Amino acid sequence: MNDSVQAAWEIIRSRTNAESLYHRIGKAFASLIPSDVSAIEVFDRNGDYVERRWSSPEIPISQHFERFLATRFEHPLFKEFVISGLKNPVRISDCMDFRNFQETDVFNEFFKPLGVSAQIAVAFPSDSIGVPVLALSRSRPDYTLKEVRILRDLIPQARRQIAAEQMWGHYELLMIELTSYKAAVALIAFHTYIVH
């Protein structure tokens, strides 16, 4: 793991940080791969919008987002998300020629006003009702195969961190429930059994 990937991983796993996990993931990937727009949006399995977990505050993405929602099924990566879940990072150029992309409403009504021509996206697991989708976008050039590999290498670690923090959250809720006034608890012990 090189220094930049290690620094990104440190951002993701810094659980003491007050930022949410998805905010940290967005920040880490954006620091690793330069992008003009970086956002995590949450959709359900049918492609309906749920919420925004994180996005770059410097970009006026919100004022254009209604246009994106109206035309999202023309977006080649959105189609990929609905069909396969975007388990691996995928670029727009992996799905559609740029000239064809320029002819879509989603490009002219959403990407063009933001000055965006290239995008890469991947989805993350969640125990909520939605699926967070990380999208990195920039005006030019397209994301390289090296950048795709860097994302692919870091994604399993990010997914493990998501699973760990969700489990910690469940344990915290369990502890609150067990130690509340409703339950008389003298001792709670979690044991790890090691098989030699």
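Bear in mind the structure is a predicted one, so any value in this text is a computation, not a measurement. The first residue of the sequence shown is numbered 1, and numbering continues consecutively from there.
- With a 4.5 Å cut-off on side-chain heavy atoms, Val148 and Arg91 count as touching.
- Under the rule for a side-chain hydrogen bond (donor to acceptor under 3.5 Å, both in side chains), Ser31 has no partner lying at least two apart in sequence or in another chain.
- Summarising the geometry of Gln161 relative to Leu21, their closest heavy-atom pair is CG-CD1, 3.9 Å, with the distance given to 0.1 Å.
- To the nearest 0.5 Å, atoms CG (Leu114) and CZ (Phe65) are separated by 11.0 Å.
- Side chain of Glu41 to main chain of Val133: no donor-acceptor pair is present (N/O by atom type, distance under 3.5 Å, no hydrogens or angles).
- Gly85 and Ala123 get closest at one heavy-atom pair: O-CB, 2.9 Å.
- Salt bridge status for Arg24 with Glu10: absent, with no side-chain N to carboxylate O gap under 4.0 Å.
- Residues Phe29 and Leu154 approach most closely at CE2-CD2, 3.7 Å, considering heavy atoms.
- At distances below 3.5 Å, at least one donor-acceptor pair connects side-chain atoms of Asn108 with backbone N or O atoms of Gln102.
- Scanning both residues, Pro89 and Val122, for their nearest heavy atoms gives N-CG2, 3.9 Å.
- In this structure Arg67 satisfies the side-chain hydrogen bond (donor to acceptor under 3.5 Å, both in side chains) test together with His64, sequence neighbours excluded.
- Taking 4.5 Å as the limit, some side-chain heavy atom of Leu151 sits within range of a side-chain heavy atom of Ile33.
- Between the CD1 atom of Ile40 and the CD atom of Glu51 there is a distance of 11.0 Å, given to the nearest 0.5 Å.
- In this structure, the side chains of Val106 and Phe101 come closer than 4.5 Å at one or more pairs of heavy atoms.
- If you look at His75 and Phe111, their ring centroids are closer than 6.0 Å.
- In this structure, Ile83 has no side chain to side chain contact (heavy atoms under 4.5 Å, CB included) partners at least two apart in sequence or on a different chain.
- Under the rule for a side chain to side chain contact (heavy atoms under 4.5 Å, CB included), the partners of Ser139 that lie at least two apart in sequence or sit in another chain are Asp36.
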* Verdict with supporting geometry, Leu32 and Ile150, side chain to side chain contact (heavy atoms under 4.5 Å, CB included) -> CA-CA 8 Å; Leu32 192 63; Ile150 289 170; 3.1 Å; yes
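- Side-chain contact of Ser35 with Tyr143: a donor-acceptor pair under 3.5 Å is present, judged by distance alone.
- For the atom pair CZ (Phe78) and CZ (Phe73), the distance works out to 5.0 Å, reported to the nearest 0.5 Å.
- Between Asn100 and Phe98, every side-chain heavy-atom pair lies at or beyond the 4.5 Å cut-off.
- A salt bridge links Asp48 with Arg72: at least one charged nitrogen is closer than 4.0 Å to a carboxylate oxygen.
- The nearest pair of heavy atoms linking Pro141 to Ala118 is O-CB, 3.9 Å.
- A tilted orientation is assigned to the rings of Phe110 and Phe68, their planes being inclined by 30° to 60°.
- Between Met96 atom CE and Glu80 atom CD the span is 11.5 Å, to the nearest 0.5 Å.
- A 4.5 Å side-chain heavy-atom check between Val37 and Arg138 finds every atom pair outside the cut-off.
- Using a distance-only test at 3.5 Å, with no hydrogens or angles considered, a donor-acceptor pair links the side chain of Glu147 to the main chain of Thr144.
- Applying the side chain to side chain contact (heavy atoms under 4.5 Å, CB included) criterion to Ala135, with sequence neighbours excluded, gives Gln119, Ala121.
- Side chains of Val131 and Val42 form no contact here, defined as non-hydrogen atoms less than 4.5 Å apart.
- With Ile120 as reference, Leu136 is the one residue of Leu77, Leu136, Val90, Leu134 to meet the side chain to side chain contact (heavy atoms under 4.5 Å, CB included) rule.
- Listed by chain and number, the residues in a side chain to side chain contact (heavy atoms under 4.5 Å, CB included) with Lys87 are Arg159 (sequence neighbours excluded).
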